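Shown next, in structure tokens, is the structure this report addresses.
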Amino acid sequence: QVQLLISGGGLVQAGGSLRLSCAASGGTFSWYAMGWFRQAPGKEREFVAAISRLGRTTIYEDSIKGRVTISRDNAKNTLYLQMNSLKPEDTAVYYCAAGGSLTSSIDAYAYWGQGTQVTVSS
């Protein structure tokens with residue numbers, strides 16, 4: 001069973017950048033497709049981006065595509081999300097997740113990080 005620990009959230013002004021990291025332990029990181037999701041207050045958790053086991057394929061939610069980049073370093077057992085040109089509507093708790101296949105479906109991810117708050121001020 002893999003454990004996921006997220007770091008890198010915080011407060012940033014609109015137009016700024018943040019990089020989230022998700023460190024995995026307790027499992028073989030490269031066995032898992034990895035995803036980032038977010039949940040804004042009063043809203044359902046939604047897909048942001050996902051990456052295949054070896055990092056060769058990525059998928060993004062359409063509205064955020066072009067402003068975020070998902071990547072992974074299997075040697076370091078770490079997943080990243082680089083977010084640029086942040087907007088107030090990006091404010092949410094961000095989660096990383098590990099699953100068996102590359103998909104945007106929340107239900108396909110079995111293991112979840114604890115979440116980190118990202119707040120974008122206007």
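Fair warning: this is a prediction, and the values are worked out from it, not measured in the lab.
- In this structure, SG in Cys22 is found 6.5 Å from CZ in Phe29, a value given to the nearest 0.5 Å.
- Residue pairs meeting the side chain to side chain donor-acceptor pair (under 3.5 Å) criterion with at least one member in residues 13-33, sequence neighbours excluded: Ser17-Asn84.
- Checked by atom type and distance alone, the side chain of Glu46 never pairs as donor or acceptor with a backbone atom of Glu44 at under 3.5 Å.
- Contact record, Ser121 with Leu11: CB-CD1, 4.3 Å, taken as the closest heavy-atom pair.
- Placement of Phe37 and Ile59 within a single hydrophobic cluster is found when ILVMFWY residues are connected by side-chain heavy-atom separations under 4.5 Å, directly or transitively.
- Linking ILVMFWY residues whenever their side-chain heavy atoms come closer than 4.5 Å, directly or via other members, places Phe47 and Val93 in the same cluster.
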**Item:** Test log, rule salt bridge (charged side-chain N to carboxylate O under 4.0 Å, His left out), inputs Asp90 and Lys87
**Value:** CA-CA 5 Å; Asp90 295 318; Lys87 303 176 182 180; over 6 Å; no
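- In this view, Arg53 satisfies the side chain to side chain contact (heavy atoms under 4.5 Å, CB included) rule with no residue, not counting sequence neighbours.
- Connection of Tyr80 to Leu4 is not established within any shared hydrophobic cluster, with ILVMFWY side chains joined at heavy-atom distances below 4.5 Å, either directly or through further cluster members.
- Residue pairs satisfying the side chain to side chain donor-acceptor pair (under 3.5 Å) criterion with at least one member in residues 96-117, sequence neighbours excluded, are listed as follows: Gln117-Thr119.
- No path of Ile, Leu, Val, Met, Phe, Trp and Tyr side chains, each step under 4.5 Å between heavy atoms, connects Leu20 with Ile106, placing them in separate hydrophobic clusters.
- Between atom CD1 of residue Ile51 and atom CZ of residue Arg56 there is a gap of 11.5 Å, rounded to the nearest 0.5 Å.
- Side-chain N or O atoms of Tyr60 include one that pairs as donor or acceptor with a backbone N or O of Ile70 at under 3.5 Å.
- Cluster membership check: Val48 shares its hydrophobic cluster with Met83, using side-chain heavy-atom separations under 4.5 Å among Ile, Leu, Val, Met, Phe, Trp and Tyr.
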**Item:** Step-by-step side-chain contact (heavy atoms from CB on, under 4.5 Å) determination, Met34 to Arg72
**Value:** CA-CA 9 Å; Met34 299 295 297; Arg72 66 191 295 164; 3.5 Å; yes
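- What you find for Leu79 and Gly35 is that their closest heavy atoms are CD2-O, 4.0 Å.
- For Ala33 against Leu102, the heavy-atom pair with the smallest separation is CB-N, 3.8 Å.
- Among the candidates Leu86, Leu81, Thr58, the single residue satisfying the side chain to side chain contact (heavy atoms under 4.5 Å, CB included) test with Val68 is Leu81.
- Contact annotation: the side chain of Trp36 approaches that of Ile6 to within less than 4.5 Å [non-hydrogen atoms, C-beta and beyond].
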